[in-house]
Novice: 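A single structure is presented below for examination.
Numbers restart at 1 for each chain; the letters A, B, ... are given by sequence-line order, proteins then strands. Remember, it's a predicted structure, so these values are computed and weren't measured experimentally.
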Amino acid sequence: MQKEQADPNTTASTSGHRHVPGGYHGNYLSVNLGPDDQTSVTAQRVSIDPSVLRRFLGGSGLGTWLLLEHGSATCDPLSPAAAIAFVFSPLVGSPLTTSAKFAVVSKSPLTDRINDSLASSGFAIAGKSVGCDALVVTGQAASPSILVIDQDEVRLEPAESLWGATCSDTQRQLTERFSSGWQFAVIGPAGERLVRYATISHDGRHAGRGGSGAVLGAKNIKAIAVRGTKTCQWAAPGDLLQLAKAMSKKSMGSATDKYRELGTATNLLLFNRLNTLPTRNFQQGYFEGAAALSPESMSIARKRTRAYCAACTIGCEHIYALSDQEGADGVRLEYENLFALGPLCGIGDPDVVLNASRRCDDMGIDTISAGGTIAFAMECVQRGQLDQPWLRFGDGVALLKAIELIGTGEGFGRELAQGSRRLAKSIGGDSIRFAAQVKGLELPGYEPRSLQTMALGLAVGTRGADHNRSGAYEVDFSARADRHDLVPATAALAIETEDKAALIDSLILCKFLRGIFTDFYGEAAEMLNLVTGWETTADELQCVSRRIITAKKWFNILAGWTPDEDTLPARFLNQPLPDDPAAQLDKQQLSASIRMYNEQRGWSPEGWIDRQHLEDLGLACFDRRAMGFEVACVSSRR
Amino acid sequence: MSIRVEFYGIPRHRTGVAAATVEVVGATARLNDVFRQLGDRFPDLARDCFDQDGLRDGYAANVNGERFVTDASTPLADGSCLLILSADAGG
């Protein structure tokens, strides 16, 4: 296939017109796959103004800016015009622990709203070594292809032989096919079949939520291969190294013990004890079979190894052997996999959960949305609203069959592949009331009735119900809040955790570090200054966080957001969790908290954003009128 | 006074037990009294989870499954159930 040379002379760093901050290349690589000419791909390096880098940093923040720039809010996310951005950050390649991360940002085919999913490791380092701060892919290849980016050379290679292969097989075959130094982001069969919650996988880890794998699959891209040799300067390398050493040391302290020793599933039994472990599609908060699934039990019963992302000192990945498959690769087990494919579906057999988790990883399916959609269907069967009698809570064979059908696109799998919100619409009746999703994204493993700061975070999240963008559960599990109550202070607490997450996802660092900072914004500013040469401050970074959240919300408004999206399903409102009368979420209180949240964000009580606020945050260029819309956002809505 | 203590996450790893009962002499038991006794019985727990101010970063305590507490002088009623756990749960 025809090759395209990306023109390095268009980069800011070589043009000499702008000073590129340390840690950045000052440009993104814009790749158009066609289909204007079915044999060509075009690539261009596009300068990014340094002021944009300072205002959006990298990762999720810069990705949101890129999507707004590309006008992606109004696109069908599975159309050729839709953009998908792989975004690095100024810290990638630095000695700072956990900094080898990238964000995949696109419009979600599951929610039709903004989606940013993060993953770790070598792809971030190799991708940035291409000499750009982000890759933005638009268009659609004429046939299944590998997008190969070899520093300044961009080409498509045929991928017909890989089409249908699992994520792990694809990764393996690409490693054999390409020489050393390459890194790959791949999709599995689910992405090819446009499963709305398909993932993008790198080295066994996944940019998991929201269906970015389907966006890549719609472009006929099975994998992206990257290799490069370009490096960035750091403003103060000596001091940065000292800071990195100190951070690494702190990262091995008590705040991260749990991740090293037991992994993210550390508190499964605690959640069960506190009635916060979602069970049988959130019908209960307690699962009688939790003990067998706990990492404490699993560690005794089977072999376990640990793995690290590149540039990480924590090593949170705990890989368990399957007892019935000696010699097979182990399974990475995270809390979210465990909850979604275990208690949520009424499954207490660890081997079933591990097998289900592995099949999701192989197929390239988000485990939370898969488990959430299957559990929802199971409840519909339980209630007699769905004629799939094989699909019953607690039936491990049924769970594995359902995952297989989703991945292969056969039979009822085609409907499950749409996610719980679309499935509820097709089932009809009152089923949408117990489809556990917000904006179409299935809830993570936190029961909102017994974690009410989190309930607010889930309701207002721009990506939908999500624990990585709202970390409000950590407030509920602390003395700072009454987890059974929404009070006036709740909005500020939810904002605080959401802002912090936005900055972490844009720097990018691992959230598991969050416990090691005593002054997070101040320490983040110090990191950034040593890398970039800026003189940023904690206050400026707090403003960056608010800008990023508002930019995401603005994307959603452009995409058609309305205030009634910011809520929780009826299941969670005005009725207590069984066996826990204190766990009742008052609908009016939730609405009041949402209004307070919006006002404290500087938005209207309903959640609209006015032009002045956009201007205050430097986002006025994305105003509807500037983007070709006839009506400004707020005046006609208030 | 009798306080039941349940351990979760790393604290359970350090003690090797799911729960223990602590007897405190006197009319009032405070969180620190319980920590002190637990430290005597479970040195690994004391080493990794406690410092002079109470719980180290990364650990938390909850009374009766209801309220989370941090103040080492928090009074505990007879028959209370104290949960000691790894904080910032999830991932």
Side-chain angles (χ1 to χ4, degrees), chain A residues 250 253-276 291 294-296 299 314 316-317 334-337 339 444-446 450-451 454 467-468 471 473-484 510-518 580 582, chain B residues 4-20 30-32 35 38-39 42-76 80-91:
Chain A
K250 279 204 282 184
S254 61
T256 53
D257 282 345
K258 54 188 174 287
Y259 297 120
R260 268 190 299 281
E261 295 190 37
L262 292 167
T264 56
T266 296
N267 276 333
L268 182 86
L269 294 177
L270 174 75
F271 291 179
N272 209 36
R273 170 71 169 79
L274 298 179
N275 260 325
T276 63
S294 69
E296 292 91 336
S299 303
I314 298 175
C316 68
E317 295 176 8
E334 308 293 347
Y335 169 68
E336 296 296 340
N337 302 18
F339 120 82
Y446 301 91
S450 50
L451 299 169
M454 187 62 181
H467 64 294
N468 278 317
Y473 59 87
E474 74 181 68
V475 176
D476 286 315
F477 287 114
S478 78
R480 303 180 67 200
D482 176 350
R483 66 190 176 91
H484 285 127
C510 178
K511 294 206 176 67
F512 298 163
L513 282 180
R514 64 191 186 276
I516 75 166
F517 299 112
T518 48
D580 191 357
Chain B
R4 175 180 162 80
V5 185
E6 297 178 11
F7 304 104
Y8 294 91
I10 296 299
R12 183 176 295 193
H13 240 217
R14 295 294 181 268
T15 61
V17 298
R30 298 190 183 278
L31 209 50
N32 245 359
F35 289 162
L38 289 172
F42 304 109
D44 290 349
L45 179 77
R47 183 195 63 219
D48 292 343
C49 305
F50 300 155
D51 60 23
Q52 68 275 16
D53 298 322
L55 289 165
R56 285 182 187 275
D57 288 346
Y59 298 95
N62 177 286
V63 180
N64 297 327
E66 291 164 5
R67 63 195 167 96
F68 284 84
V69 292
T70 51
D71 185 348
S73 64
T74 302
L76 298 168
S80 294
C81 181
L82 182 69
L83 282 55
I84 300 181
L85 52 120
S86 297
D88 291 348

Novice: Is it the case that the ring center of A:Phe477 lies less than 6.0 angstrom away from the ring center of A:Phe271?
Specialist: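 Centroid separation for A:Phe271 and A:Phe477: below 6.0 Å.
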Novice: Is B:Ile10 close to chain A through its backbone or its side chain, or both, or neither, when contacts mean heavy atoms under 4.5 Å?
Specialist: both
Novice: List the atom of A:His467, the atom of A:Tyr446, and the distance in Å for their closest heavy-atom pair.
Specialist: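 In this case the closest contact between A:His467 and A:Tyr446 is CB-CE1, 3.7 Å.
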Novice: Rounded to the nearest 0.5 Å, how far apart are CZ of B:Phe68 and CG of A:Leu274?
Specialist: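 Separation between the atoms: 5.5 Å.
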Novice: Check each atom of A:Leu269 against the heavy atoms of chain B and say whether the ones under 4.5 Å are side chain, backbone, both or neither.
Specialist: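 Both backbone and side chain.
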Novice: Could you have a look at A:Lys511, A:His484, A:Arg483 and say which one has the most heavy-atom pairs with chain B under 4.5 angstrom?
Specialist: A:Arg483
Novice: Less than 4.5 Å to any heavy atom of chain A: does that hold for the side chain of B:Arg14, its backbone, both, or neither?
Specialist: side chain
Novice: Who among A:Ala481, A:Pro444, A:Ser254 has the most heavy-atom pairs with chain B under 4.5 Å?
Specialist: A:Ser254
Novice: Tell me which pairs pass side-chain hydrogen bond (donor to acceptor under 3.5 Å, both in side chains) where either residue lies in residues 54-67 of chain B, with sequence neighbours left out.
Specialist: A:Asp257-B:Tyr59
Novice: When you measure from the side chain of A:Asp476 to the backbone N and O of A:Met454, does any donor-acceptor pair fall under 3.5 Å?
Specialist: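 Yes: the side chain of A:Asp476 pairs with the backbone of A:Met454.
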